[in-house]
Peer 1: 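Input: one structure, supplied below.
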Amino acid sequence: KVIGKDIYVGWRDDTTYGVDKATLGDAAIASGDYESLIFDNDNAKKQKLAIQLKATFVAFVANQSVTLAYKIDRATSFTSGTAVSTVDETEAELAIYSRFKEIELKFTLASTDGTFPKLTSLLFTYNDLKEEGVE
């Protein structure tokens with residue numbers, strides 16, 4: 001929720017809940033995660049093929065990174081790719097190539113300098129496997 005120049009963000013970490021206030025000019029925190037809602041292409045019973053997760057962002061400065069991850073069929077943990085942290089880098093890709101009925105996507109942004117990476121897009125590529133003729 002935005003109130004004036006402040007942003008209030010609700011969060012949950014397992015069984016702990018809270019609200020943080022972000023004020024214009026505050027230094028960035030060390031890292032932050034985004035976890036998507038579960039995606040099933042409107043059919044949780046049919047298999048699909050996850051191909052790739054790709055993120056684009058404003059060119060990195062020193063000490064910034066992004067890590068992509070996914071969780072298939074409500075697994076207990078995410079499968080992570082390698083962190084991308086090269087100065088001037090503008091994209092990260094994670095090849096998946098696994099069948100799924102449901103998938104959850106994640107990215108982690110991190111910085112050690114009080115600056116924060118700026119994500120511009122997140123693209124998930126998959127095949128709905130219609131050519132297999134099974135619904």
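Residue numbers count from 1 along this sequence. Hydrogens, waters and symmetry mates play no part in the numbers below; they use all other heavy atoms, side chains included.
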Peer 1: Sorted by first residue and then second, give each ring pair (Phe, Tyr, Trp, His ring centres under 6.0 Å) pair with at least one member in residues 3-38; sequence neighbours left out.
Peer 2: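 Only Y34-F107 qualify under ring pair (Phe, Tyr, Trp, His ring centres under 6.0 Å).
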Peer 1: Closest approach of I38 and E102, non-hydrogen atoms and distance?
Peer 2: CG2-CB, 3.5 Å
Peer 1: For the CG atom on L37, are there more than 12 heavy atoms of other groups (residues, nucleotides or ligands in this structure) within a distance under 6.0 Å?
Peer 2: no
Peer 1: Does any donor atom in the side chain of D113 or N63 lie under 3.5 Å from an acceptor atom in the other side chain?
Peer 2: yes
Peer 1: Please report the closest heavy-atom contact between I103 and Y70, naming both atoms and the distance.
Peer 2: CD1-CB, 4.2 Å
Peer 1: Heavy atoms, side chains only, cut-off 4.5 Å: are P117 and V66 in contact?
Peer 2: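 A side-chain contact under 4.5 Å is absent here.
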Peer 1: Determine the minimum heavy-atom distance between A92 and V84, stating which atoms define it.
Peer 2: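 Heavy atoms only, the tightest pair is CB-CG2, 3.6 Å.
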Peer 1: Any side-chain heavy atom of Q64 within less than 4.5 Å of one from T115?
Peer 2: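 Q64 reaches T115 side chain to side chain.
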Peer 1: About how many Å separate CG of L49 and OG of S98, when rounded to the nearest 0.5 Å?
Peer 2: 7.5 Å
Peer 1: Would you compute the distance between atom CD1 of I72 and atom OG1 of T79 and round it to the nearest 0.5 angstrom?
Peer 2: 7.0 Å
Peer 1: Main chain of T120, side chain of T56: is a donor-acceptor contact present, judged purely on distance under 3.5 Å?
Peer 2: no
Peer 1: List the steps, then state whether side-chain contact (heavy atoms from CB on, under 4.5 Å) holds for K71 with K106.
Peer 2: CA-CA 8 Å; K71 184 166 36 172; K106 175 181 177 179; over 6 Å; no
Peer 1: To the nearest 0.5 Å, tell me how far K46 NZ sits from E132 CD.
Peer 2: 6.0 Å
Peer 1: Mind checking the CD-OG spacing from E89 to S65? Nearest 0.5 Å is all I need.
Peer 2: 12.0 Å
Peer 1: Checking side-chain contact (heavy atoms from CB on, under 4.5 Å) for the pair D128/N43: CA distance, chi angles, key distance, verdict?
Peer 2: CA-CA 10 Å; D128 61 13; N43 188 346; over 6 Å; no
Peer 1: Whether K48 engages the ring of Y126 as a cation-pi pair (distance to the six-membered ring centre under 6.0 angstrom, angle to the ring normal within 45°) should be assessed.
Peer 2: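 Pair K48/Y126 does not count as cation-pi.
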Peer 1: Heavy atoms only: give me the nearest A44-D40 pair and the separation to one decimal.
Peer 2: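 Closest heavy-atom pair between A44 and D40: CB-OD2, 3.6 Å.
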Peer 1: Quick one: pull up CZ in F100 and CG in D73 and give me the separation to the nearest 0.5 Å.
Peer 2: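 Answer rounded to 0.5 Å: 8.5 Å.
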Peer 1: So which atom in F78 and which in A69 form the shortest heavy-atom distance, rounded to 0.1 Å?
Peer 2: CB-CB, 4.0 Å
Peer 1: Kindly give the heavy-atom pair with the smallest separation between E131 and N127, and that separation in Å.
Peer 2: OE2-ND2, 3.2 Å
Peer 1: Rounded to the nearest 0.5 Å, what separates atom CD in E91 from atom CZ in F60?
Peer 2: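 Spacing of CD (E91) from CZ (F60) equals 11.0 Å.
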Peer 1: Are L129 and Y97 connected, step by step, through hydrophobic side chains (Ile, Leu, Val, Met, Phe, Trp, Tyr) whose heavy atoms are closer than 4.5 Å?
Peer 2: yes
